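A note on names: the letters A, B, ... follow the listed sequences, proteins ahead of strands, and every chain is numbered from 1. None of these values were measured; they are calculated from a predicted model.
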Amino acid sequence: MAEANGKRFHTRHLIFLLMAIAVVLPLIFKPGLPLRVTKEVQDIYDYIEGLPEESVVIISFDHEASSLPEMVPMAEALLRHCFRKNLKVCGMALLAEGTSVGDANLRRIGAEYNKEYGEDYIFWGFRPQHEVAILALGEDITREFKTDYTGRPISGFPIMQGLRNYQNVAAVISVGDGDIPIYWVNYAQARYGVNIIPAITAVMATTMYPFLQSEQIVGLAAGLKGAAEYEKLLNRTGLATRGMDAQSTAHVLIIVLIAIGNIIMFRQRGGKRS
Amino acid sequence: MDISTTIAAILTLAIYSFLYRDNPVYKTAEHILLGVSVGYFVVITISNTIIPKLIIPLFVDGELIYIIPALLGIAMLLRVTKQFSHISRIPLALIIGVGAGIAIPAYMQAHLIAQMKATMLPLSNISNIVIIIAVLSVLVYFFFSRKHEGAFGVTAKAGIYFLMIFFGSTFGYTVMARISLLIGRIQFLLGDWLGIIR
Amino acid sequence: MTDKVLYIHKPFLILLILTLIPFSAQAAIDTYDTPNDGGNSITVTWGGEVIAQSRDKFTSLDIQRQKVAESAGWETAAVLPVTDSVFVDDSVKDNIPYKYRIVFSAPEGEALIFESEPVKSSPQFFNTKRLNVLIGVIICCVILFYYIYESRKGKKFYLRPIGGLQAIDDAVGRATEMGKPILYSAGRGKMQRVATIASMNVLSSVATKTAEYNTPLIFPNSEPVVAAVAQEVVYEAYLKAGHPDRYNPDDVFYLTDSQFGYAAAVDGIMVRRKPATNLFIGTFEAESLILAETGNSIGAIQIAGTDSTIQLAFFIVACDYFLIGEEYFAASGYLSKDPMVLGSLKGQDWLKIIVGGAIILGAVLETAGIGFFSKLFGIG
Amino acid sequence: MYRRIPLIVCFIFGAFMLIQFFVPHRVSTEFYEMTLEWAQIIYAFALLVGALMLMKHHAVNATRKSSDDRPFSIIVIAGIATMCIAGLIWGHGEGTVFNWFFQNVQAPMQSTMFSLLAFFVASAAFRGFRARNTQAIFLLIAATIVMLGRVPIGELISPVIPQVADWILNVPSMAARRGIYIGIALGSIATSLRVILGIERTYLGGS
């Protein structure tokens with residue numbers, strides 16, 4: 001895109017360089033700006049904290065590999081909380097790429113807390129066509145997922161004892177980078193009344209607020225910032241918290257760039273008019 | 001700095017070469033990605049859906065009813081051919097019909113009834129009043145059978161400004177998301193790969 | 001509904017089960033067929049003063065059931081925390097009478113037992129909790145089909161002028177005056193997407209004008225199928241306008257399906273051919289940003305129409321005019337003059353009036369402290 | 001004929017799924033669960049169709065000597081083949097070749113691809129995002145408040161900024177989004193009803 005215009009080449013690349021600096025420097029020097037926990041994230045934390053031990057939580061990895069830097073810290077924080085509270089965690093994915101990510105995350109965090117596969121957590125695997133899969137789980141989980149991710153019969157695992165459908169599930173955490181968390185609201189919350197916890201990319205944050213106000217979702221954890229807040233609540237510094245300083249400087253850079261760009265525009269316009 | 005991480009890092013840098021300009025290194029990396037992701041998708045779809053939901057019930061458990069979805073699935077694959085692609089309209093119609101049938105009550109419940117209820121707020125504080133005015137004025141903006149003039153026009157105008165606030169906050173959050181992705185990749189390059197930051 | 005209450009000591013529990021002494025207390029246990037379900041389920045609830053007063057004394061709570069006809073022994077249906085007050089038994093058979101009892105017991109041996117009247121489970125044909133949804137669906141059906149029917153019969157409905165559409169007309173004129181081409185992009189949506197289909201309607205109208213004014217129309221595509229359809233649409237428009245000779249098939253072409261590759265290539269086209277107007281109409285993803293930025297830097301008038309809120313946020317600040325979601329579909333329906341779409345739009349407008357009216361009524365009643373109306377909007 | 005059968009199928013399944021919502025009876029639920037299962041199976045095949053079309057396109061391209069993109073098509077085919085062989089023969093769980101490719105090739109490249117957008121946003125911020133009218137000014141002000149209010153630095157500048165950001169997100173922005181949702185819901189219900197009754201047939205495609 002730069003080859004056709006020599007002058008563009010410079011400005012554009014200078015801005016790219018500024019962006020890289022704005023992100024790299026805070027990551028190296030770590031000023032450690034104070035972090036505020038929002039009510040939306042606190043609500044999720046309180047809800048999970050209030051669940052009785054052994055409650056079943058479904059965590060659905062409804063994202064693609066493209067948003068991993070946002071989704072992984074989020075899933076890690078929520079999983080740590082669930083395992084710390086001794087909840088039973090059932091993993092699944094409604095997008096194919098979330099499948100491998102989900103399996104790896106569950107095993108890694110499960111091992112951190114010495115949890116047994118099949119006893120304390122399980123990974124059911126992937127199902128296509130979100131709305132249909134969500135509805136099917138509302139009727140009979142063992143019919144929807146006859147086998148786990150690697151093909152072993154699901155009914156053989158102790159965690160599945162007494163787990164039939166959403167009636168036995170305390171909450172569904174949807175770690176999503178698109179509109180699948182909305183599908184969970186539309187099809188699982190509305191129809192079956194199950195509690196939905198959206199852990200989503202920042203891109204989708206504003207679209208979830210109407211459901212927050214109408215209490216169709218428990219709370220809202222959005223983006224790397226949401227993950228950082230959760231890490232703070234768990235008293236554990238992770239990738240998200242360490243990224244927050246860079247997030248701040250990069251935002252300031254963007255705002256400054258918009259301001260300069262507009263000032264230049266108004267100057268030029270003013271010049272033309274006079 | 002193990003070999004796997006180094007490979008991942010080299011591929012990451014290959015993608016970043018696009019920032020200079022579109023070039024063969026980027027193009028190669030992009031096509032590797034395309035091939036691998038399509039292959040990944042095919043394997044997961046077969047191993048996680050077609051095998052457990054169709055092959056095992058039909059061929060291992062011998063439940064003959066599954067012959068119907070099997071035939072419909074094969075009919076779907078005929079879409080790839082020129083000659084028989086019209087047959088694929090039957091399974092397609094089933095999926096679309098099912099989708100439409102379940103969407104109606106879902107939208108009615110979650111997006112209309114529940115959202116209407118949540119807007120029926122007592123007019124006791126500024127925020128509640130703003131919420132009601134904003135919802136109504138946006139509805140007026142998307143009203144097409146009447147010209148936007150007079151009081152109606154003023155309401156529609158208010159609607160567009162509320163929409164702008166919504167688009168603005170979406171803009172802010174989207175910028176945030178894109179930067180988070182960059183932070184994640186830099187953490188990978190400088191941390192996991194080079195070990196400069198921890 | 002009448003209940004039997006009993007204080008016993010654990011060693012004698014088994015003995016006493018056979019010789020229950022009826023004890024009438026306040027309604028403490030209630031059993032009923034679980035409502036709005038497919039059968040095979042009985043709900044047991046308990047409460048009342050006796051339980052409330054003595055709950056702290058006990059450490060375990062057993063729910064037991066018995067098939068009345070078989071006069072068999074009691075079987076444990078569930079063991080619950082003593083604080084619970086409801087249990088749904090999903091493992092019963094339909095149309096068989098069952099009796100339930102709840103047994104509170106303490107380690108010291110003290111126990112408190114309540115026994116219920118016989119109860120049967122049965123499936124229901126209508127879920128009464130969803131009545132409001134049914135009414136809503138019926139209202140939608142009636143209104144929408146009335147207007148679609150009227151529209152198909154030939155009735156014309158008024159559609160307000162849409163700013164972005166007018167802007168498209170003007171922009172074509174401007175390009176002609178400047179002697180520069182128009183660039184059209186439908187983004188990266190597949191052909192079956194509603195936003196892509198709507199884009200083809202807009203394209204047809206734009207192409208009719210460029211044919212009249214003899215202004216070049218460039219349309220790089222990222223989807224082979226869309227490219228093929230677009231070529232047909234543009235050629236047909238030129239034919240209708242009476243200038244098939246002015247159609248240049250090389251200007252409507254397939255570029256690449258790579259997201260950023262597409263953006264980079266379109267950028268190159270913009271810089272080289274300097275279009276006076278850029279039209280971004282269709283399904284856009286992240287590439288929107290790059291396209292709109294370059295378009296802005298070459299000083300083109302830019303008009304965007306899409307249903308993606310995220311890309312709209314960027315388009316609004318980088319384009320001169322925009323069509324937001326529904327507005328875009330309405331514009332496309334207006335251009336295509338499809339009676340089904342127009343009738344449907346009219347029906348949706350009426351539904352919006354109903355929704356708005358209900359919200360106002362609900363808010364006013366809430367303010368007056370009357371909550372019954374908003375309760376009708378509960379979901380379950 | 002070719003048009004009528006799909007319309008009938010669509011009507012039967014669409015109408016049933018709609019009515020089933022109100023009928024909890026076991027017979028209805030049984031047929032409902034079966035339909036859900038069928039839909040998923042067929043959908044999985046539909047997903048494979050997309051992949052097959054892409055493979056066909058690149059296979060044709062890879063055999064065409066004149067094509068400039070030939071090497072790239074060969075790379076795509078090789079990628080698909082590697083993953084399919086690895087995944088379908090040695091499995092897809094942890095520690096497999098398939099999983100290694102996902103974790104070290106696909107995942108890093110895909111997330112890097114999207115992180116390019118951070119740079120593009122920066123460049124567009126300077127050269128594209130303009131407060132060209134009052135509407136755009138509103139948008140940019142809301143965006144600035146949210147961008148500052150949702151990261152630590154906003155709090156540092158002034159504790160009012162995060163509060164204003166919270167209010168914007170929870171009140172006007174939320175309500176505007178709700179207005180859009182209501183509109184979309186009515187539109188979706190209208191489209192779905194038209195699809196079930198066979199008035200809307202665009203999905204069947206041309207010819």
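B/L121 approaches B/I132 most closely through the heavy-atom pair O-CD1, 3.6 Å. Taking every heavy atom of both residues into account, A/M19 and A/A250 meet most closely at CE-CB, 3.6 Å. The two residues B/F188 and B/T12 have their closest heavy-atom pair at CE2-OG1, 4.0 Å. Nearest heavy-atom pair, A/L27 versus A/A246, reported as atom, atom and distance to 0.1 Å: CG-CB, 4.2 Å. When all heavy atoms are compared, the tightest approach of B/R79 to B/S88 is NH1-OG, 2.9 Å.
The greatest number of non-hydrogen atom pairs below 4.5 Å with chain A, out of B/T49, B/T174, B/V43, is found for B/T49. When A/P73, A/P210, A/G125, A/A222 are compared by the number of non-hydrogen pairs under 4.5 Å with chain B, A/P210 comes out ahead. For the options B/G191, B/G184, B/A114, B/A118, heavy-atom pairs under 4.5 Å to chain A are most numerous at B/A118. In terms of non-hydrogen atom pairs under 4.5 Å with chain B, the most contact-rich of A/A205, A/A20, A/G151, A/A93 is A/A205. With chain A as partner, the option from B/S180, B/A103, B/P105, B/S47 having the largest number of non-hydrogen pairs under 4.5 angstrom is B/S180. Note: A/Q247 leads A/H251, A/K146, A/Q247 in heavy-atom pairs under 4.5 Å with chain B. Between chain B and the residues A/E131, A/Q213, A/M244, A/R127, the most heavy-atom pairs under 4.5 angstrom are made by A/R127. Highest contact tally toward chain A, considering only B/I179, B/I197, B/L190, is held by B/I179 [criterion: heavy-atom pairs under 4.5 Å]. Per-residue counts of heavy-atom pairs under 4.5 Å with chain A were compared for B/S37, B/A177, B/G172; the largest is that of B/A177. Heavy-atom pairs under 4.5 Å with chain A were tallied for B/I95, B/I102, B/T170; the largest tally goes to B/I102. Put simply, of A/A65, A/P69, A/S67, the one with the most heavy-atom pairs under 4.5 Å next to chain B is A/P69.
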CA sep, side-chain torsions, deciding dist, call: A/S155, A/T142, side-chain hydrogen bond (donor to acceptor under 3.5 Å, both in side chains): CA-CA 7 Å; A/S155 45; A/T142 43; over 6 Å; no
Trace of the side-chain hydrogen bond (donor to acceptor under 3.5 Å, both in side chains) decision for A/D62 with A/S174: CA-CA 6 Å; A/D62 306 330; A/S174 175; 2.6 Å; yes
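Geometric assessment of A/R191 against the ring of A/Y187 yields a negative cation-pi assignment under the 6.0 Å and 45° thresholds.
When heavy atoms are compared at a cutoff of 4.5 Å, A/S100 approaches chain B by way of both its backbone and its side chain. Using a 4.5 Å cut-off between heavy atoms, A/I255 makes no contact with chain B at all. Contact of A/L95 with chain B is not made at all, since no heavy-atom distance falls under 4.5 Å. Using a 4.5 Å cut-off between heavy atoms, A/K30 touches chain B through its side chain atoms alone. Heavy-atom distances place both the backbone and the side chain of A/T99 under 4.5 Å from chain B. For chain B, the nearby part of A/I254 is the side chain; its heavy atoms alone come within less than 4.5 Å. Using a 4.5 Å cut-off between heavy atoms, A/Y149 contacts chain B through both its backbone and its side chain. Using a 4.5 Å cut-off between heavy atoms, A/I258 contacts chain B through its side chain alone, with no backbone atom that close. At a 4.5 Å heavy-atom cutoff, the contact between A/F126 and chain B is made by backbone and side-chain atoms alike. For chain A, the nearby part of B/I131 is the side chain; its heavy atoms alone come within less than 4.5 Å. At a 4.5 Å heavy-atom cutoff, A/Q189 makes no contact with chain B through either its backbone or its side chain.
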Return all side-chain donor-acceptor pairs below 3.5 angstrom for residues 151-167 of chain B, not counting sequence neighbours, or 'none' if the list is empty.
| unit_1 | atom_1 | unit_2 | atom_2 | d |
| --- | --- | --- | --- | --- |
| B/T155 | OG1 | B/A151 | O | 2.7 |
| B/Y161 | OH | D/T134 | OG1 | 3.0 |

Donor-acceptor pairs are to be reported for all side-chain atoms of residues 50-60 of chain B against protein atoms at under 3.5 Å, with residues two or more places apart or in another chain.
| unit_1 | atom_1 | unit_2 | atom_2 | d |
| --- | --- | --- | --- | --- |
| B/K53 | NZ | A/R143 | O | 3.4 |
| B/K53 | NZ | A/E144 | O | 2.9 |
| B/K53 | NZ | A/E144 | OE1 | 3.2 |
| B/K53 | NZ | D/E37 | OE2 | 3.3 |

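Classified by interplanar angle (parallel below 30°, tilted 30° to 60°, perpendicular above 60°), the ring pair A/F61/A/H63 is perpendicular. Using a 30° and 60° split on the angle between ring planes, B/H111 and A/F211 fall in the tilted class, from 30° to 60°.
When only modelled atom types and interatomic distance are considered, A/S214 and A/Q216 share a side-chain donor-acceptor pair under 3.5 Å.
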